[in-house]
Protein chains: 2
Amino acid sequence: MQIGELARTTATKVETIRFYEKIGLLPEPGRTSGNYRDYGAAHLARLSFIRRARDLGFTLDQVRELLTLSDDSSRSCSAVDTVARAHLAQIDQKIADLRALRRELDELIGQCSQGAISDCRIIEALGPSAQNGH
Amino acid sequence: MQIGELARTTATKVETIRFYEKIGLLPEPGRTSGNYRDYGAAHLARLSFIRRARDLGFTLDQVRELLTLSDDSSRSCSAVDTVARAHLAQIDQKIADLRALRRELDELIGQCSQGAISDCRIIEALGPSAQNGH
DNA sequence: CTTGACCCTGTAGTTGCTATAGGGTGCATA
DNA sequence: TATGCACCCTATAGCAACTACAGGGTCAAG
Ligand SMILES: [Zn+2]
Ligand SMILES: [Zn+2]
Ligand SMILES: [Zn+2]
Ligand SMILES: [Zn+2]
C-alpha cells in the first residue's frame, strides 16, 4: 500500500503521515524499488489509533504514551486509565476557562451602546484603567 | 520607564513586549543614550489594552483590528461590536466542541474494566476497527 | 574596579501540522 | 518512442503567540 492510499483510508494528509514518521510516532515502512514507502496492515492499524486518539484531543505525547502502553499487552490498563483521566481533567479545565471568558465577553458586549467609539464601553473596558472588580 | 518596569506593571514578559514591537503591535519607543527603550504613558495604555484583549481570548489580529478601530474615535462602534460578537461565537463553538469530546472520552473511560491491556476497552476503542456508531 | 541587575540583538525552540520548491517514478496514450 | 499525468521523494519554511537562550553592552553601588 503506498502513502496516498493510506492517507485516503485514514483521512490523513500525506504530509502528516511523513511527519508522524519523522517524529518517530509511526515506524518507517519498507520501500519499493522506486523508493516509495510501502505500508502494511500494522501501519494502518497504528495510524488509525493515532488519528482516533488525536480526534479525542490527546496530545502527540499522550498518544505516544498510549501506544507504548498498548504495545505491552500483559500489563494492567490502569496506566491507560490514568492518561485518559488526566486528559479528561484538562478538557474540563479548558471548558471552565472558556465559560468564564464567555461570561466576561458577553457582559462587555451587553454594555455597548452602539454609539461613537469614544463612548464605547468595550473599548473603554479594554483600556488601561479598566479595573472591573473581577 | 524602561522595559522591565513596563513588564512588571502589565504582567507581561520583557520578551513579549519586544515581540509585540517587532510585529508592529506596539509602537517603537524612544531610546536612552545607552540604547535602552524608554516608554511613556501612551505605551503603557496600549500594552494594557493588548493584554486585556488577549486575556479575553482575542487573537493578535483581532487585537490589531480593535486597536485600529479605537484609534479612530469619531466612527461608530458597531465594527467593534462585530469583532467582539465574532469572537464570542468562536468561543461558543469551542465550548461545544470540547463538550462533545468530553462526552466521548467519558464514555470510553467508563468502559474500562481496569484489567489487562489486552482487554482494555479504551485501547480497543482507539484501534483500527473501532466503529462505535457516532 | 568589580559585581550584579538590568538592557540589547538575533536566533532557535515550542505544538501539530501544512505548504511550498525542485526534483524522480510509473503507467497510459498519441 | 515521446509525452503527459498522477503519484512519490527530500528538504525547508511557514502558521500562532510567544519563550528561551547566547553572547554581548550599560549603569549604579560598594
Ligand atoms: Zn464583568
Ligand atoms: Zn460600543
Ligand atoms: Zn460512544
Ligand atoms: Zn482499560
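Here is how names work: the chains are called A, B, and so on, in the same order as the sequence lines, proteins then strands, and each is numbered from 1. The structure presented is a predicted model; accordingly, all values stated were derived computationally and were not measured.
- Across the protein-nucleic acid pair, B/Leu56 atom CG and D/dA17 atom P stand 14 Å apart, rounded to whole Å.
- Between the C1' atom of C/dT9 and the CZ atom of B/Phe19 lies a distance of 16 Å, rounded to the nearest Å.
- In this structure, B/Tyr20 does not reach the D/dA17 phosphate: none of its side-chain N or O atoms is under 4.0 Å from OP1 or OP2.
- Going from atom CG of B/Leu26 over to atom C1' of D/dA17 covers 15 Å, rounded to whole Å.
- Comparing B/Val14 and A/Phe58 against DNA chain C, the residue whose closest nucleotide sits nearer the 5' end is B/Val14.
- Residue B/Arg51 is the one, among B/Arg51 and B/Thr32, whose nearest nucleotide of DNA chain D lies closer to the 5' end (criterion: closest heavy atom).
- Atom pair B/Gln90:CD and D/dA16:P shows a separation of 14 Å (rounding to whole Å applied).
- You'll find that the side chain of A/Tyr36 is closest to C/dG24, out of D/dT19, C/dG24, C/dG16.
- Atom CD of B/Glu5 is separated from atom P of C/dA5 by 18 Å (rounded to the nearest Å).
- Distances from the side chain of B/Arg31 to the nucleotides C/dC17, C/dT18, C/dT9 place C/dT9 closest.
- Of all nucleotides listed (D/dT10, D/dA20, C/dA19), D/dT10 comes nearest to the side chain of A/Arg37.
- The pair B/Glu124-B/Arg121 meets the salt-bridge criterion, since a charged nitrogen lies less than 4.0 angstrom from a carboxylate oxygen.
- The side chain of B/Lys13 lies closest to D/dT19, out of D/dT19, C/dC17, C/dC8.
- At a cut-off of 3.5 Å, with distance as the only test, no side-chain donor of B/Gln2 or B/Asp38 sits close to an acceptor on the other residue.
- The interatomic distance linking B/Asp38 (CG) with D/dT26 (P) rounds to 17 Å, in whole Å.
- In the hydrophobic clustering of ILVMFWY residues, with side-chain heavy atoms under 4.5 Å counting as a link, B/Tyr36 and B/Leu44 come out apart.
- The shortest non-hydrogen separation linking B/Ile109 to B/Ile122 is CA-CD1, 4.2 Å.
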With 3.5 Å as the limit, what N/O pairs link the protein to nucleotides 10-15 of chain C?
none

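- Separating the CD1 atom of A/Ile3 from the P atom of D/dC7 is a distance of 13 Å, rounded to the nearest angstrom.
- Straight-line distance from the CD atom of B/Gln62 to the C1' atom of D/dA16: 12 Å, rounded to whole Å.
- Take B/Tyr39 and apply the ring-ring contact (aromatic ring centres under 6.0 Å, His included) test, not counting sequence neighbours, and it matches B/His43.
- Which of C/dC17, C/dC8, C/dG26 sits closest to the side chain of B/Asn35 comes down to C/dC8.
- Both A/Leu25 and B/Ile123 belong to a common hydrophobic cluster when Ile, Leu, Val, Met, Phe, Trp and Tyr are linked at side-chain heavy-atom distances under 4.5 angstrom.
- A/Ile23 comes within 4.0 angstrom of nothing in the nucleic acid, heavy atoms only.
- B/Arg46 places no side-chain N or O within 3.5 Å of a backbone atom of B/Ile50 that could act as its donor or acceptor partner.
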